[in-house]
Amino acid sequence: MKSLSNLATERVRKLVPYQSARRIGGKGRIFLNANESPYSSSFDIDTSLYNRYPDCQPPELMKRFAAYAGVKTENCLVSRGSDEAIELLIRTFCEEGRDKVLICPPTYGMYRVSADANGIETLEVPPLQDFTPDADAIVKAVEAEPVKIVFICTPNNPTGNTVPGDVLERILKGTDGKAIVVADEAYIDFCPERTVIALQKKYRNLVVTRTLSKAFGLAGIRCGFTIADSEIIQLLLKIIEPYPVSFPVAQIAEQALSAEGISMVRDRGATINRTKQEVIGKLKGLKCVSEVFEACGNFVLVRFKNGNEVFNKMAEKGIILRNWGDKPRISDCVRLTIGTDEEMKEVIEELGKL
Ligand SMILES: *Cc1c(COP(=O)(O)O)cnc(C)c1O
């Protein structure tokens, strides 16, 4: 048998695929490892146009999202999840073998995976002690290296903190004309008062990404958004595939972004935030816990006395968490997604036994 892998490019042969919670898998009863919503909803589907190709950017969906985000439709793009937005931005701004992207680890893994897949080098600038992005170091790195995109995740996955507005402004000013700054707001619906979207009007190099995967509870439909200067949106539209949003996705997303849908997301977000505060209070009293980090999303990063042991013992009980202990600066840390009250009660009970 001849090897088919030999036919693939060297870059692809060397790639390590993104270790998503779904790919890692695991036998469990309670899944708190992918920051998914514990709630699901039902939607109305109209099949009458399924024989036709859908709009590339469905107008009603764009209108509703723009109104929700408080921006104009010309500043918005919809894509197959915000992961596709990350990929489109890299392909639009980075020249293979020359340009770089900058990340502040520990952070979301897809920035590097997407950069690797496109032959783009990733530069790491560690954050400050409290996980705030190091604005001075970022600006210096962009001056010294051909960085085209700075990824700032806010709230940051997995640490949970948001970027202060003045820090982001320093980064935007210091990188103007050299790089775009992408604020990944996947979890912002859990702390909407912390959005940086208002800065987009003042700084044309700011790009914000959003998703329906987290607070909206629609990870399964794959729908995300980019908010940016219309010049950037027009560039992304040049390379996006012709039909990124299928009819069923557009229909579901439109309903999720109706007044009723948004009010439900706000109620559910408030419930999750309340549960989160209770969980944090209880975690702080457990003897296996050594540190609980600030948590602005629907998840909490916890440093345990022995993170691996906690992760493994909880998995044996069917409670699947996300182990981050092998990453820089967060040894012994495990990330817990906030689920229902019942799920969290069980989590705290089991952790109490360790
Ligand atoms: C979950 C997550 C995403 C992925 O969003 P999709 O819209 O589902 O592709 C993007 N960024 C961060 C930080 C995430 O945690």
Side-chain angles (χ1 to χ4, degrees), residues 17-24 31-38 40 61 65 68-69 76-91 101-115 117 122 127 131 133 149-163 168 181-191 194-196 207-227 236 240-241 244-246 249-250 252-253 256-257 265 269 272 293 295-301 321-322 324 327 330 335-338:
Y18 179 65
Q19 295 297 304
S20 71
R22 258 317 152 263
R23 268 190 182 163
I24 295 168
F31 287 92
L32 304 174
N33 59 342
N35 296 345
E36 293 153 337
S37 169
S40 187
L61 174 56
F65 175 74
Y68 173 67
C76 299
L77 179 102
V78 61
S79 57
R80 192 172 11 82
S82 54
D83 284 348
E84 186 183 28
I86 293 166
E87 169 106 21
L88 291 172
L89 287 161
I90 290 175
R91 285 173 51 214
V101 301
L102 187 157
I103 64 171
C104 306
T107 192
Y108 186 49
M110 274 307 289
Y111 312 134
R112 180 188 283 280
V113 168
S114 215
T122 301
F131 298 122
I149 306 181
V150 175
F151 285 105
I152 302 286
C153 188
T154 179
N156 186 43
N157 178 5
T159 55
N161 57 305
T162 53
V163 66
L168 185 63
V181 178
V182 177
D184 181 342
E185 292 194 335
Y187 299 97
I188 204 69
D189 312 283
F190 294 103
C191 51
R194 301 210 183 189
T195 178
V196 298
V207 173
V208 178
T209 58
R210 296 275 189 95
T211 181
L212 299 186
S213 296
K214 304 288 159 60
F216 281 84
L218 289 171
I221 73 165
R222 314 304 303 128
C223 187
F225 298 90
T226 305
I227 299 143
L236 299 174
I240 198 168
E241 58 164 305
V245 183
S246 69
V249 169
I252 292 165
L257 287 162
V265 166
I272 299 239
F293 295 92
C296 300
N298 64 335
F299 57 91
V300 193
L301 188 72
L321 309 175
R322 186 87 182 225
W324 281 81
K327 291 289 187 289
I330 50 171
R335 194 191 67 197
L336 288 74
T337 303
I338 303 300

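One-based numbering, in listed order, for ligands and for the atoms of each. When a residue number appears, it is its place in the shown sequence, counting from 1. In this text the structure is predicted, and so the values were computed from the model without any measurement.
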**Item:** Whether R80 lies under 4.0 Å from ligand 1, heavy atom
**Value:** no
**Message:** Under 4.0 Å from a heavy atom of T211: which atoms of ligand 1 are those, numbered in the order shown and with their elements?
**Reply:** 5 (O), 6 (P), 7 (O), 8 (O)
**Request:** Report yes or no: do T195 and E185 form a side-chain donor-acceptor pair below 3.5 Å?
**Result:** yes
**Complete:** Y187 heavy atoms within 4.0 Å reach ligand 1 at atoms 1 (C), 13 (C), 14 (C), 15 (O)
**Asked** Closer than 4.0 angstrom: is that true for some heavy atom of D184 and an atom of ligand 1?
**Response** yes
**Heavy-atom closest pair, residues C104 and I152** = SG-CD1, 4.3 Å
**Item:** Donor-acceptor contact below 3.5 Å, side chain R322 vs main chain L32
**Value:** no
**Ligand-residue contact atoms, ligand 1 with S213, heavy atoms, under 4.0 Å** = 6 (P), 7 (O), 8 (O)
**Message:** Tell me whether the rings of Y68 and F216 are parallel (<30°), tilted (30 to 60°) or perpendicular (>60°).
**Reply:** perpendicular
**Message:** I need the contact type for D83 against ligand 1. Using non-hydrogen atoms and a strict under-4.0 Å cut-off, is it side chain, backbone, both or neither?
**Reply:** both
**Request:** Report the part of K214 in contact with ligand 1, treating N, CA, C, O as backbone and CB onward as side chain, heavy atoms under 4.0 Å; options are side chain, backbone, both, neither.
**Result:** side chain
**Contacting atoms of ligand 1, where contact means under 4.0 angstrom from a heavy atom of R222** = 6 (P), 8 (O), 9 (O)
**Request:** Please examine the side chains of R80 and V249, heavy atoms only from C-beta on, and report whether any two atoms are closer than 4.5 Å.
**Result:** no
**Prompt:** Under 3.5 Å, is there a donor-acceptor pair linking the side chains of Y187 and N35?
**Reply:** yes
**Message:** If I apply the N/O under 3.5 Å rule, does S82 come out as touching ligand 1?
**Reply:** yes
**Prompt:** Are E84 and ligand 1 in contact, using a heavy-atom cut-off of under 4.0 Å?
**Reply:** no
**Prompt:** Side chain or backbone of C153 under 4.0 Å from ligand 1, or both, or neither, by non-hydrogen atoms?
**Reply:** side chain
**Fill in**
Scanning both residues in full, the closest heavy-atom pair of N156 with P106 reads ND2-O, 2.9 Å
**Backbone of A183 reached by a side-chain donor or acceptor of T154 within 3.5 Å** = no
